[in-house]
Amino acid sequence: MRIAVCLTDQRVEPWLEGLQAALPGAHVYAWTPGAPPADHAVVWAPPQAFIDGQPGLRTLFNIGAGVDALMKLRLPATLRVVRLDDAGMAVQMAEYVCHALIRHFREFDGYEADTAQGQWSFRKPRTRSEFPVGVLGLGVLGARVAQAVASFEFPVHGWSRTPRALPGVTCHAGDAQLPAFLAATRVLVCLLPLTPATTGLLRHETLSQLRPGAYVINVARGAHLVDDDLLALLDSGHLVGATLDVFRTEPLPPDHPFWRHPKITITPHTSARTLRAESIAQIAGKIRALQRGEPVAGVVDPLRGY
Ligand code: NDP
Ligand code: OXD
């Protein structure tokens with residue numbers, strides 16, 4: 001069995017070593033143009049030339065949860081794309097979102113500014129029921145985030161394509177129920193995959209349906225958000241702030257207004273990092289399962305795009 005590894009913007013050596021150790025019977029190698037074809041591949045944002053040079057490839061293992069970069073390529077109809085299925089990302093995402101939410105709700109930025117000036121001053125406690133949180137996307141990561149938020153006793157709403165049921169979460173589904181979800185939400189968390197249906201979903205028309213004084217946390221993909229619409233709604237006061245981990249262009253260009261906006265907190269696409277050891281163990285486990293003819297979790301539906 002041959003396994004090609006093709007990672008854009010990542011060091012390939014530790015992945016080669018880890019995969020080889022986990023699958024000692026396989027030949028694991030780094031792809032370079034002209035390399036021999038493989039049975040399976042482990043990839044992050046590979047070029048089209050990689051796919052075109054792999055006529056016999058059976059499985060493409062993405063070392064992330066989001067497969068939008070792969071869905072932009074011309075992929076053979078027979079090629080199975082498999083995403084990382086949590087692999088340690090869900091708990092990181094829950095930490096990140098709860099941190100951003102609680103920092104906003106408890107006004108920790110304000111306290112930090114006060115104490116930096118030597119001021120011992122209190123703010124009026126806020127009422128949790130006035131800060132309903134809405135999570136767009138109730139998949140592997142969104143469901144974990146929604147439940148983590150619910151554990152802090154915030155009212156939680158969720159939105160998915162097909163109906164879901166999660167304890168402690170008021171679930172909405174489909175385009176018809178999006179307005180009710182938005183109208184109920186004061187802190188919006190985006191955990192949708194980037195597909196043609198979700199690109200630009202966070203735009204003036206939708207963000208203006210959030211409750212006044214809303215806060216936006218985008219941890220999915222930059223292209224879910226229309227940047228200028230966010231800026232306009234922050235200026236108008238309908239939105240009071242945003243925490244953004246993902247951007248249309250990454251790294252965020254130095255002259256982008258998000259860098260210095262007083263109501264925007266940014267982080268460099270770090271809310272849930274791929275953990276190498278967990279990911280290698282998961283991918284190796286799935287390759288062994290496929291060899292035994294068993295089904296694996298995380299297979300992407302090319303028609304849905306996630
Ligand atoms: P999943 O595929 O497990 O879940 C996707 C969820 O979105 C599902 O609930 C799905 O609905 C819903 N959804 C998809 N399309 C629509 C639509 N058109 N309308 C309404 N709901 C929709 O994804 P994950 O939870 O694993 O990950 C979500 C995204 O998070 C990834 O695609 C990636 O872009 C991003 N991500 C970001 C990271 C970061 O570091 N910033 C790290 C990891 C991931 P249904 O349940 O009906 O299928
Ligand atoms: C992912 C990511 O999709 O890191 O896993 O963004």
Side-chain angles (χ1 to χ4, degrees), residues 1-23 25-90 139-141 192-196 198-199 220-221 223 246 250 269 272-306:
M1 178 178 49
R2 303 174 68 89
I3 302 175
V5 181
C6 177
L7 308 178
T8 303
D9 298 334
Q10 308 245 358
R11 272 188 64 226
V12 76
E13 292 77 15
W15 287 88
L16 295 176
E17 283 163 26
L19 285 161
Q20 191 63 77
L23 297 162
H27 174 39
V28 183
Y29 58 98
W31 178 81
T32 46
D39 303 297
H40 304 290
V42 175
V43 300
W44 181 252
Q48 183 65 46
F50 170 77
I51 304 293
D52 294 345
Q54 299 288 330
L57 196 62
R58 300 206 291 267
T59 324
L60 205 51
F61 288 97
N62 186 47
I63 64 158
V67 292
D68 42 292
L70 295 179
M71 294 295 112
K72 286 184 199 145
L73 301 174
R74 282 186 313 280
L75 302 176
T78 50
L79 180 60
R80 182 174 33 204
V81 175
V82 180
R83 50 157 291 178
L84 279 184
D85 207 6
D86 187 347
M89 278 191 279
V140 176
L141 305 182
L192 291 166
L194 187 67
T195 67
T198 65
T199 299
R221 287 292 182 262
V246 286
E250 294 182 2
H269 199 141
R273 303 289 293 271
T274 293
L275 302 178
R276 194 166 52 234
E278 282 84 342
S279 305
I280 288 173
Q282 183 174 106
I283 292 168
K286 288 183 182 182
I287 290 176
R288 284 189 222 104
L290 290 173
Q291 281 181 307
R292 293 191 298 269
E294 294 168 8
V296 295
V299 177
V300 171
D301 175 346
L303 290 178
R304 289 185 330 190
Y306 69 97

Is there a side chain to side chain contact (heavy atoms under 4.5 Å, CB included) between Val81 and Met71? Walk through the geometry before answering. CA-CA 9 Å; Val81 175; Met71 294 295 112; 4.3 Å; yes
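Using a cutoff of 4.0 Å between basic side-chain nitrogens and carboxylate oxygens, Arg58 and Asp39 are scored as salt-bridged.
In terms of heavy atoms, Ala38 sits closest to Tyr29 at CB-OH, 3.4 Å. Closest of all the heavy-atom pairs between Val67 and Tyr306 is CG2-CA, 4.2 Å. Counting all heavy atoms, side chain and backbone alike, Leu84 lies closest to Ser279 at CD1-OG, 3.4 Å. In plain terms, the two heavy atoms of Asp85 and Ala297 that are nearest each other are OD2-CB, 3.1 Å. Heavy-atom minimum distance, Ala90 versus Val140: CB-O, 4.1 Å. Between Val299 and Arg80, the shortest heavy-atom contact is CG1-CG, 3.8 Å.
Once rounded to the nearest 0.5 Å, the distance linking CD of Gln20 with CH2 of Trp15 reads 15.0 Å. The CG atom of Asn62 sits 4.5 Å away from the CG atom of Leu70 when rounded to the nearest 0.5 Å. Here the CD atom belonging to Gln282 is positioned 8.5 Å from the CZ atom belonging to Arg83, to the nearest 0.5 angstrom. Separation of atoms CG (Leu275) and CD1 (Ile280) is listed at 11.0 Å; rounding is to 0.5 Å. For the atom pair CD of Glu250 and NE2 of His269, the computed distance is 5.5 Å after rounding to the nearest 0.5 Å. One finds the CE atom of Met1 at 5.5 Å from the CD1 atom of Ile287 (value rounded to the nearest 0.5 Å).
Heavy-atom neighbours of Arg304 CZ from other residues, nucleotides or ligands within 6.0 Å: above the threshold of 12.
Using a 4.5 Å heavy-atom threshold, the side chains of Thr199 and Arg221 count as separate. Residues Thr59 and Leu290 meet the side-chain proximity criterion, which asks for heavy atoms closer than 4.5 Å. Within the 4.5 Å cutoff, side-chain heavy atoms of Ile283 are placed close to those of Val42. Side-chain contact check for Arg2 versus Pro37: every heavy-atom pair is 4.5 Å or farther apart. Here the side chains of Pro47 and Leu73 are not in contact, with every heavy-atom distance at 4.5 Å or above. Taking the side chain as every heavy atom from C-beta outward, Asp86 and Glu278 never approach each other to under 4.5 Å. The shortest side-chain heavy-atom distance between Leu75 and Ile51 falls under the 4.5 Å cut-off.
A salt bridge (Lys or Arg N to Asp or Glu O under 4.0 Å) check over residues 40-53, counting only residues at least two apart or in different chains, returns the pairs Asp52-Arg74.
With sequence neighbours excluded, the residues forming a ring-ring contact (aromatic ring centres under 6.0 Å, His included) with Phe50 are Trp31, listed by chain and number.
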Cut-off 3.5 Å, no hydrogens considered: what does the side-chain donor-acceptor table look like for residues 3-12, sequence neighbours left out?
from, atom 1, to, atom 2, distance (Å)
Thr8, OG1, Trp44, O, 3.3
Thr8, OG1, Ala45, O, 2.6

